[in-house]
Amino acid sequence: MNENVVEKEINAEHLKKADQQYYFHPTTPLKLQQQSGPGLIIKEGQGINVTDVQEDVYIDGVSSLWNVNIGYGRQEMAEAAKQQILNLSYSSSFFNNSNDKVIQLSEKLADLTPGDLNVSFFTSGGSESNETAFKMVRHYWKLKGNPERTKIIALDLSYHGVTMGATSATGVREFDNMITSSAPGFLHAKPYLTDCEKGDKSHLDYETSIRGIIEKEGSDTIAAVILEPVQGVGGINIPPEGYLKAVRELCNEHGIFMIADEVICGFGRTGKMFGVDNWEIVPDIMTVAKGITSGYMQLGAVLLKTELRDELAEMSEDVFFHGFTYSGHPTACAVALKNLEIIENEDLVGNAKRMGAELQTGLKYLEEKHKVTAKSRTIGLLGAIELFADRENEKGFEPSLHAAQQVVEECLNRNLLLRPLAFGGINAVALAPPLIVNKKDIETIIERLSEAIKAFENKVL
């Protein structure tokens, strides 16, 4: 064994032990981390690949956390950050101050967003964006003379973040179960009851629909409805045609704000600039993060209609007492501007649509080839395939088997990073590669996933 290999192994072992001793991981089995250390220690990224400290190279098939849209290692992104840091690394937007980059980014977002979502409030990420949206709509109703309109309706299996309000809005129970109490005023509806949202009261689930909940609670108590155009963490759940339009019309009917959580879907992921563009609807508020910088800097935003901002300004006599230290961070905004320039110049939204079709073809191939796979779906470069013990009858594997996790681990053995989704009784493997992928990349991802599924089948069948 040569000296370089020995040195790398010593370094890797040191990092592993230091990780166990000093680093508290987010969204991680803490006992596993303490017993075994980190699964991977990544040190480099280039294109769609990442490299660990032992020089093993992996295809990142989920864009890390669905966010590295333009891929890793872009020189122009580093230059944008460097130049902005040299010019103005940080500047506060409190007390009516501003900076040139936050203004330019706000103007750019107004150009990209649908309808009249022309006003931006900046945060550091998705959870903060959703938390801000909740406070904003409640503040609006208070100023409007309707302080009782505080309730937020979200969907089962939705994911909106991990701050207190965002956790309470999240419809994946595991996130809520870790705490002893939730923030008040959050309700959950069963998703995708299109006929119910249109007013069909004969449906057995009518009372658990958004419309049913509004009628039960009283529309004069509801501040907003929040939903993801496509549910991510909950299983890559794509709404049926007509659903989002029905929710939009329902909110209009009752004067309720519609909030679209575009944290995962935004900036090209679904083959459109924003997820709602697939169904040609315009929410009152849109929350974004992740793809706005492709993970190169921490940034999120709340995008609201001009009319809403104007009403708030007209009704406000006091300071808007909400803001974050890094709201409108000039370096993050400069990075976002360069990221959006790359997305547009390289037609990555169009590529997501084209390669999404290739991904769907590949997933359909896996359904035909394997005995445990079914119900694949994609929209742009956001997809999933489910695992079944008996796919003809859609009978799932026992939860204790952790089927999706096993397949993902087999993918890891083949240098492919994917993500298991096992909420709400499903076992699915999620795919969301960077928007720069080509046909050959998709073929490689499908080939390695196929090998992983075969290895899993050999264990359980």
Side-chain angles (χ1 to χ4, degrees), residues 109 113-123 125-155 158-171 182-189 197 210-211 213-214 216-229 244 247-263 266 274 276 281-289 300-324 327:
L109 290 171
T113 50
D116 56 347
L117 291 163
N118 294 329
V119 181
S120 297
F121 179 100
F122 290 99
T123 71
S127 295
E128 285 185 3
S129 293
N130 285 326
E131 199 81 22
T132 296
F134 301 149
K135 291 180 71 174
M136 195 173 282
V137 295
R138 286 171 168 172
H139 178 64
Y140 172 90
W141 288 118
K142 183 178 180 181
L143 292 178
K144 198 79 170 173
N146 303 111
E148 68 283 354
R149 295 191 76 158
T150 60
K151 296 172 185 173
I152 309 290
I153 300 176
L155 298 181
S158 63
Y159 179 80
H160 299 296
V162 294
T163 52
M164 197 63 184
T167 295
S168 302
T170 291
S182 302
F186 289 89
L187 307 167
H188 290 89
E197 310 310 358
I210 297 173
R211 183 178 287 274
I213 291 173
I214 291 172
K216 178 183 177 182
E217 301 291 329
S219 60
D220 58 350
T221 71
I222 309 298
V225 170
I226 184 170
L227 47 72
E228 300 161 275
L244 289 183
V247 174
R248 173 68 278 181
E249 292 175 351
L250 175 61
C251 289
N252 289 344
E253 178 185 339
H254 291 282
I256 295 169
F257 288 112
M258 181 181 184
I259 305 170
D261 180 342
E262 291 267 1
V263 172
F274 297 99
V276 293
I281 64 125
V282 181
D284 301 297
I285 295 173
M286 181 187 289
T287 56
V288 299
V302 181
L303 307 167
L304 55 148
K305 289 185 174 181
T306 303
E307 180 183 1
L308 174 53
R309 188 275 315 279
D310 290 349
E311 281 195 80
L312 286 169
E314 179 66 27
M315 294 186 293
S316 296
E317 299 294 338
D318 205 345
V319 172
F320 182 72
F321 282 103
H322 178 75
F324 304 99
S327 291

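Both backbone and side-chain heavy atoms feed into the values below; hydrogens, waters and symmetry mates do not.
Nearest approach of A289 to G126, heavy atoms of both residues: CB-N, 3.4 Å. Summarising the geometry of L187 relative to I222, their closest heavy-atom pair is CD1-CD1, 4.5 Å, with the distance given to 0.1 Å. Closest of all the heavy-atom pairs between V276 and A260 is CG1-CB, 3.9 Å. Of all heavy-atom pairs between A183 and G165, the closest is CB-CA, 4.4 Å. Here the shortest heavy-atom pairing between N118 and G115 reads OD1-O, 4.1 Å. Heavy atoms only, all atoms of each residue included: N130 and H160 are closest at ND2-O, 2.8 Å.
Within the model, atoms OG of S219 and CD1 of I214 stand 7.5 Å from one another, a figure rounded to the nearest 0.5 Å. The CD atom of E148 sits 12.5 Å away from atom NZ of K142, with the distance rounded to the nearest 0.5 Å. In this structure, I285 CD1 and I259 CD1 are separated by 5.0 Å, a value rounded to the nearest 0.5 Å. Rounded to the nearest 0.5 Å, atoms CG (L250) and NE2 (H254) are 5.0 Å apart. Taking NZ of K305 as the reference point, atom CE of M286 lies at 10.5 Å (rounded to 0.5 Å). Rounded to the nearest 0.5 angstrom, T167 OG1 and E131 CD are separated by 8.0 Å.
Side-chain N or O atoms of S158 include one that pairs as donor or acceptor with a backbone N or O of G171 at under 3.5 Å. Side chain of D261 to backbone of V263: a donor-acceptor contact under 3.5 angstrom is found. Using modelled atom types, one side-chain atom of H188 and one backbone atom of T170 make a donor-acceptor pair closer than 3.5 Å. At least one donor-acceptor pair closer than 3.5 Å links the side chain of S129 to the backbone N or O of A301. Proximity of a side-chain donor or acceptor of T221 to a complementary backbone N or O of G218 within less than 3.5 Å is detected. Side-chain atoms of W141 come within 3.5 Å of backbone N or O of A223 as a donor-acceptor pair.
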Report task. Show your reasoning for whether salt bridge (charged side-chain N to carboxylate O under 4.0 Å, His left out) applies to R248 and D284. Result -> CA-CA 9 Å; R248 173 68 278 181; D284 301 297; 3.0 Å; yes
Query raised in the report: Are T132 and T123 close enough, and set up right, to give a side-chain hydrogen bond (donor to acceptor under 3.5 Å, both in side chains), and what steps lead you there?
Result: CA-CA 8 Å; T132 296; T123 71; 6.0 Å; no
Requested in this report: Step by step, work out the side chain to side chain contact (heavy atoms under 4.5 Å, CB included) result for V282 and M258.
Outcome: CA-CA 9 Å; V282 181; M258 181 181 184; over 6 Å; no
Requested in this report: Would you check, one step at a time, whether the test side chain to side chain contact (heavy atoms under 4.5 Å, CB included) holds for E128 with S327?
Outcome: CA-CA 10 Å; E128 285 185 3; S327 291; over 6 Å; no
Requested in this report: Any chance you could lay out the ring pair (Phe, Tyr, Trp, His ring centres under 6.0 Å) test for F122 and F324, step after step, and finish with the verdict?
Outcome: CA-CA 8 Å; F122 290 99; F324 304 99; over 10 Å; no
Report task. Please assess T287 against E262 for the test side chain to side chain contact (heavy atoms under 4.5 Å, CB included), listing each intermediate value before the final yes or no. Result -> CA-CA 6 Å; T287 56; E262 291 267 1; 5.8 Å; no
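A donor-acceptor pair shorter than 3.5 Å cannot be found between the side chains of Y159 and E228.
Residues P229 and F274 form no side-chain contact, since every pair of their non-hydrogen atoms from C-beta on lies 4.5 Å or further apart. The shortest side-chain heavy-atom distance between M136 and F257 does not fall under the 4.5 Å cut-off. Here the side chains of Y140 and R149 are not in contact, with every heavy-atom distance at 4.5 Å or above. A heavy-atom distance below 4.5 Å is not found between the side chains of I226 and I153. Considering only heavy atoms from C-beta on, D220 stays 4.5 Å or farther from N146 through its side chain. Between L312 and L143, the closest side-chain pair of non-hydrogen atoms falls below 4.5 Å. Side-chain contact between V137 and I152: present, with at least one pair of heavy atoms (C-beta onward) separated by less than 4.5 Å. For the pair I210 and L155, the minimum side-chain heavy-atom distance is below 4.5 Å.
Ionic pairing of D116 and R309 is not present here: no N-O contact between side-chain nitrogen and carboxylate oxygen is shorter than 4.0 angstrom.
The aromatic rings of F134 and F186 lie perpendicular to each other, with more than 60° between the two planes, well past the 30° mark.
Among E217, K216, R211, the one residue that satisfies the side-chain contact (heavy atoms from CB on, under 4.5 Å) test with I213 is E217.
For E307, the CD atom counts as loosely surrounded, since its 6.0 Å shell holds 12 or fewer non-hydrogen atoms of other residues, nucleotides or ligands.
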